[in-house]
Amino acid sequence: MIRDKIVTAELEQIFRQALQDIRDASTLHDLQQVKARYLGKKSLIMALLRQLGSVPPEERPAFGKAVNEAKQKVADLIEEHQLLLQEKLYKSELAASQIDITMPGKRSGKGSLHPITLAWQEIEDIFLSMGFDIAEGPDIEDEFHNFDALNTPADHPARNLSDTFYIDNDVLLRTQTSTVQIRVMEKFKPPIRIISPGSCYRNENDASHSPMFHQVEALVVDVGVTFLQLRDVLQEFVRRMFGETIDTRFRPHYFPFTEPSAELDIRCVKCLGTGCNLCKGSGWLEMGGAGMVDPNVFQMIGIDPEKFTGYAFGLGIDRIAMVKYNIPDMRLLFENDVRFLKQFR
Ligand code: DAH
């Protein structure tokens with residue numbers, strides 16, 4: 001027992017007083033002061049320790065030990081008392097705050113992914129699973145990548161088909177993700193098998209056109225690539241995106257960078273072909289353009305058109321999201337009204 005080891009009356013007195021003071025400390029602040037008084041540099045116990053030199057040598061070990069033990073005991077008691085006071089404080093604060101901790105908490109406003117992001121991610125997943133890589137290109141482009149290299153020279157009538165936003169003479173916002181076809185072929189040799197989702201810009205704005213919109217481009221170049229493969233890949237994509245019963249059809253069309261070219265329609269997901277307001281009675285919905293890469297494009301970029309063939313297509317991501325989630329007006333996608341966005345949780 002510590003008490004037996006108290007070798008001086010003085011130490012014993014200090015120790016007793018310390019016990020009393022600790023017990024009397026009713027706040028953490030009080031206790032902090034008690035701690036300073038008994039254990040701090042200028043404390044009584046430390047002063048005793050400093051007296052060690054004046055104690056007769058044979059008594060020094062016993063004296064030192066007793067003082068140190070007393071010091072440790074006081075420290076332990078202070079810590080014990082501190083825990084007690086902390087708990088008391090916590091309980092009284094809890095009682096004072098009048099919070100019923102058994103009540104359910106407030107719901108935090110959980111966000112949701114934008115329908116375009118949802119469609120975008122699903123498109124990527126489907127094409128990744130079919131062996132495509134994902135490529136990217138800049139939104140701010142030059143005429144070469146947006147037009148010339150895509151077989152659309154300056155005097156070509158197709159240049160007027162889209163109202164291009166020009167930033168400067170040769171600097172523009174890309175009107176199509178087909179630009180990435182060129183960027184990929186500049187960098188990589190066939191075999192090429194990529195999709196490239198991204199933003200495009202055209203000066204148009206109504207219920208089915210937004211000045212900023214999204215396309216997903218695809219490009220496959222290899223020896224022996226055929227139109228039949230193009231059709232199969234698109235049919236498979238449409239089935240996975242919209243459901244097994246949704247057929248596709250190609251309508252002959254014209255694009256400068258593909259020959260032959262086609263537009264892709266899918267069976268109306270609402271009426272399944274009988275005709276409704278969504279498909280305007282036709283039974284079909286337009287999804288984008290496609291075709292076999294024009295040999296001129298290959299030539300311009302330095303790929304041998306005698307050796308390689310390729311297919312390409314470009315689909316509207318916003319269009320896909322609108323059909324998939326039954327969104328009647330394209331502007332809803334860009335107004336970011338929370339009441340609209342909340343529905344995609
Ligand atoms: N870039 C075309 C557009 O914006 C869509 C397109 C058509 C992309 C045919 C293609 C394609 O890759 O082969 O209207």
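Counting convention: from 1, in listed order, for ligands and their atoms alike.
A salt bridge links Glu141 with Arg183: at least one charged nitrogen is closer than 4.0 Å to a carboxylate oxygen.
Counting only distance, with no hydrogens or angles, the side chain of Ser210 and the backbone of Phe213 share no donor-acceptor pair below 3.5 Å. In this structure a side-chain-to-backbone donor-acceptor pair under 3.5 Å is missing from Thr164 to Tyr166. Using modelled atom types, no side-chain atom of Lys307 and backbone atom of Val223 make a donor-acceptor pair closer than 3.5 Å. Side chain of Gln235 to backbone of Thr248: a donor-acceptor contact under 3.5 angstrom is found. Judged by distance alone, with hydrogens and angles left aside, the side-chain atoms of His81 form a donor-acceptor pair with the main-chain N or O of Ile22 at under 3.5 Å. In terms of modelled atom types and a separation under 3.5 Å, the side chain of Arg239 and the main chain of Leu234 share no donor-acceptor contact. A donor-acceptor contact shorter than 3.5 Å links the side chain of Asn146 to the backbone of Thr175. Side-chain atoms of Thr258 never come within 3.5 Å of backbone atoms of Ser261 as a donor-acceptor pair (strictly under, hydrogens ignored).
Remark: among candidates Pro256, Gly310, Gly289, the nearest residue to atom 9 (C) of ligand 1 is Gly289, based on non-hydrogen atoms.
Residue Phe257 touches ligand 1 through its side chain alone, judged by heavy-atom distances below 4.0 Å. Residue contacts with ligand 1 for Phe255 involve side-chain atoms from C-beta outward but no N, CA, C or O (heavy atoms, distance under 4.0 Å). Contacts between Arg202 and ligand 1, counted as non-hydrogen atom pairs separated by less than 4.0 Å, involve the side chain only.
Close approach to Gln181 involves these atoms of ligand 1, each under 4.0 Å from a residue heavy atom: 12 (O). Per-residue contacts place Gln215 under 4.0 angstrom from the following atoms of ligand 1 (heavy atoms of the residue considered): 3 (C), 4 (O). Heavy-atom proximity to Gly291, at under 4.0 Å, picks out these atoms of ligand 1: 13 (O). Near Thr258, meaning under 4.0 Å from any of its heavy atoms, are these atoms of ligand 1: 13 (O).
The shortest N or O to N or O distance between Ala312 and ligand 1 is under 3.5 Å. Inclusion of Thr175 in the set of residues having an N or O under 3.5 Å from an N or O of ligand 1 is not warranted.
The protein heavy atom nearest to atom 2 (C) of ligand 1 is Gln176 OE1, 3.7 Å. Protein heavy atom in closest approach to atom 6 (C) of ligand 1: Gly314 N, 3.8 Å. Given atom 12 (O) of ligand 1, the protein heavy atom at minimum distance is Glu217 OE2, 2.5 Å.
In this structure, Gly288 falls outside the shell of residues with a heavy atom less than 4.0 angstrom from ligand 1.
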